[in-house]
Amino acid sequence: MEKIKSTILDIDYITHKNKPVIRLFAKEINNDKQREIIALDESFEPYIYILPSNDSKDIEKDLEEDFDIINLEWVIKKDFQIEKKILKAIFKHPQDVAKHRDSIRKLDSVKDIKEADIPFYRRYLIDNDIIPMDEVEFSGEFINSYETIKSKDKSLKILKLNKAPQKLQNKYQKFKILSFDLEVRNPNGMPNSSKDPIIMIGLASNFGFEKVISTKNKINSSNNSFIETVEDEKTMIERFVYYLKKHNVDIIVGYNSDNFDFPYIKERAKINNVELDLGVDGSGIKFIRRGYANAAAIKGLIHVDLYLVMRRYMALDRYTLERVYLELFGEEKIDVPGDRIWEFWDSDSDELDKLFDYSLDDVVSTIKIAEQILPLNLELTRIVGQPLFDLSRMATGQQAEWYLVKEAYKDNEVVPNKPAGIDLSNRDDNEGGYVKEPEVGLHENLVQFDFRSLYPSIIISKNISPDVLVLDDVENLSNYYVSPEHSYKFMKKPKGFIPSVIGNVLNERSKIKKQMRETDDETQKKSLDVQQQALKRLANTMYGIYGFSRFRWYSFECAQAITAWGREYIKDSMKKAEEYGFKTIYADTDGFYVKFDSN
DNA sequence: GTGAACCGGGG
DNA sequence: GTGTACGGTTCAC
């Protein structure tokens, strides 16, 4: 039996002999061998939870019929803190869940079904407490081949697991990141991948490698050492594939690469008859439907589209690469207008030379942005426990939700379903924080007050959580926190699910801040700082999950209660300050400015 | 005034 | 893939 320490980059499942097989794409990041590993787990089975109705005496008999359920088991799970006897139904294949869940839900003996919409690979990570981008220990046997893996790469190891991977101590890991960018010759409007050829492929990395592959070279041969001139577009694409494999890249980043670069190069590769077998298993680029947009996915090579990521981290009017770069680094990029690139290319003059510099500048800027933002995303990946590929495409609310799904599993709580068919049209938007418009003028001697993490603190101190919210009349009000304005009642005991999760997040953050103060190692300090930021973000997002109607823990009452208490706190504090002779100049949500009024 | 349609990023 | 974005603005009537 082999025992191998390795880092899980990605996960999916395949079907083998009609059964699902989990595939973990891993690499020996902290080991000189740097081998790529596909670990296979054939033992994991899809399941859902079934809540029996009041008339449930025939439930087991009902479920025996035609639902491809291979096993039924009574388990005890908490549903909003209340322990219940629930049926766990195990299926042969994840697709059987999709096929039968609606008919099962409609049975008279069934009240509701739960956790029937959690993707199989996410279920695997949650149930086995496996953290992507962290090191694990695999135990299993190497096998020579596996039907569905067609890689020609001899160094690839395929490992058949005989138990789930074991978590190891979290270690700092340096990933190899490469950015890429295409320039194309498009004289007629926007690029058309069936007609307009790729003229340059730019590559830059966090390990010293920089290159522009092109069919031309600079006219002036100075400063052109980064250029590799090849004979045709076909060779250009082949070299792109070659460098990605040669450098054993872990993460590939682009800017709008889900929508432009990857679809474009895939089409050009097809036209030029080049095999784009970038996947560890020998597969190509797949486009995964995410709503109306596609995400470009490569097996075992994590693709992060920074455009999507940056849109979430900055509030800008536009999110062009130029704009984002300027905002982050205060420097202008080399600019060539998109509609003139073909003219620069055709000019065979100084303008062509400028186009080469522009191409390099694009990928260098992209890698700089990646180095700035990926550490935070790697930390969030570890906290949330879902793959970086997925996490980088999630809204912050979704990140918080998957974190809660993971925590619910640990607490033996059943995960609430996504709200269905809530009519929001006759419901007012929740009133936000208190804002006092600033008094016009130049003010001196201002004093600033602000509440530290106002909303997370309120959630914890008032135990605001849907599982302890009571809407019926109660006998003894002193057992409840009662919200201002709407008088919602939250039980003082037990602690609500979400307040306890936020409490854990904030405690973890305090621990990390303490470690930060105690260490003199600058690299470690930086890494800890990123971790505490990630935890702060997560805590602050928990308020949002109450307010958006498509989230599992949606609760309009909780959202209202939080902001109502927030307004009360800030107004009370302003009033106190005014009693001491201060005058409020400006206030917004969690803080205000006052000045001493000498009159 | 209202709901449908479009747009972002990329060249 | 145990799935189907999103929020803001402009257009069309």
Side-chain angles (χ1 to χ4, degrees), chain A residues 11-15 20 44-49 68 89-102 104-105 113-124 126-127 180-193 195-202 254-265 268 286-297 305-312 315-325 335-345 355 358-359 362 366 390 393-398 405 415 417-418 425 548-550:
Chain A
I11 174 168
D12 71 357
Y13 83 90
I14 52 169
T15 304
F44 194 62
E45 294 172 314
Y47 64 88
I48 66 169
Y49 293 115
D68 296 320
I90 296 167
F91 295 79
K92 190 170 182 185
H93 198 280
Q95 283 171 353
D96 296 335
V97 173
K99 198 163 128 196
H100 297 298
R101 65 185 161 202
D102 288 335
I104 294 173
R105 190 187 277 116
I113 59 169
K114 298 279 173 119
E115 307 198 18
D117 57 354
I118 295 176
F120 190 57
Y121 68 94
R122 295 199 175 169
R123 178 92 271 168
Y124 183 84
I126 293 163
D127 290 20
F180 85 113
D181 180 50
L182 309 179
E183 312 301 335
V184 311
R185 186 182 177 283
N186 55 309
N188 304 305
M190 286 306 286
N192 178 341
S193 58
K195 284 192 292 225
D196 304 330
I198 297 169
I199 52 178
M200 294 178 185
I201 300 177
Y255 204 83
N256 202 27
S257 37
D258 270 347
N259 267 309
F260 181 74
D261 301 85
F262 271 125
Y264 208 95
I265 201 168
R268 295 308 299 175
K286 288 219 169 59
F287 292 95
I288 299 169
R289 282 208 69 155
R290 288 190 175 240
Y292 301 120
N294 286 323
D305 184 341
L306 290 171
Y307 162 63
L308 300 167
V309 177
M310 296 322 290
R311 272 198 351 182
R312 285 204 308 275
L316 301 176
D317 47 351
R318 293 172 62 74
Y319 294 90
T320 61
L321 181 57
E322 284 77 11
R323 185 75 177 80
V324 166
Y325 185 78
D335 188 38
V336 175
D339 54 3
R340 295 199 53 218
I341 284 175
W342 69 278
E343 291 174 21
F344 277 53
W345 173 256
L355 188 62
Y358 166 78
S359 175
D362 261 13
T366 306
D390 297 28
R393 289 168 178 81
M394 282 179 192
T396 51
Q398 283 175 300
V405 171
V415 173
N417 291 326
K418 285 184 193 149
S425 54
F548 298 120
S549 58
R550 52 183 190 288

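The shown structure was predicted, so the numbers you read here are calculated from the model rather than taken from an experiment.
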Partner of A:Asp68 under salt bridge (Lys or Arg N to Asp or Glu O under 4.0 Å), picked from A:Lys99, A:Lys92, A:Arg101, is A:Lys99

What is the separation between atom [atom1] on [X] and atom [atom2] on [N], rounded to the nearest whole Å?
X	N	atom1	atom2	result
A:Asn294	C:dC6	CG	P	16 Å
A:Asp68	C:dT2	CG	P	15 Å
A:Asn417	C:dT2	CG	P	16 Å
A:Phe120	C:dT2	CZ	C1'	9 Å
A:Arg289	C:dC6	CZ	P	14 Å
A:Asp258	C:dT4	CG	P	17 Å
A:Tyr319	C:dG8	OH	P	11 Å
A:Lys99	C:dG3	NZ	C1'	18 Å

Under 4.0 Å, heavy atoms only, any strand: does [X] hit a base, just the sugar-phosphate, or nothing?
X	answer
A:Asp305	nothing
A:Arg185	nothing
A:Tyr13	sugar-phosphate
A:Phe262	nothing
A:Asp362	sugar-phosphate
A:Ile118	base
A:Ile288	sugar-phosphate
A:Gly254	nothing
A:Asn259	nothing

Spacing of A:Glu45 atom CD and A:Arg123 atom CZ [to the nearest 0.5 Å]
13.5 Å

So CE of A:Met200 and OG of A:Ser359: to nearest 0.5 Å the spacing works out to 5.5 Å

Where the side chain of A:Arg550 is concerned, which of C:dT4, C:dC6, C:dT2 is the nearest nucleotide?
C:dC6

Among all residues two or more places apart in sequence or in another chain, which pass the ring-ring contact (aromatic ring centres under 6.0 Å, His included) test with A:Tyr47?
A:Tyr49

If you compare all heavy atoms of A:Phe260 against all heavy atoms of A:Val184, which two are closest, and at what distance to 0.1 Å?
CZ-CG1, 4.4 Å

Minimum heavy-atom separation for A:Asp305 and A:Asn259, please, with both atom names.
OD2-N, 4.4 Å

Side chain to side chain contact (heavy atoms under 4.5 Å, CB included) filter on A:Pro94, not counting sequence neighbours, yields A:Tyr13, A:Pro20, A:Pro46, A:Phe120

Closest-nucleotide 5' rank along DNA chain B - winner of A:Arg311 and A:Phe260:
A:Arg311

Output field: ring centroids A:Phe262/A:Phe180 closer than 6.0 Å:
yes

Should A:Lys418 be listed as having a side-chain N or O under 4.0 Å from OP1 or OP2 of C:dT4?
yes

Hey, where on DNA chain B does chain A first and last touch, going 5' to 3'? Cut-off is any atom under 4.0 Å from a heavy atom.
B:dG8 to B:dG11

Between B:dG10 and C:dG3 - C1' atom distance, rounded Å:
26 Å

For C:dT9 and B:dG9, measure between their P atoms and round to the nearest Å.
13 Å

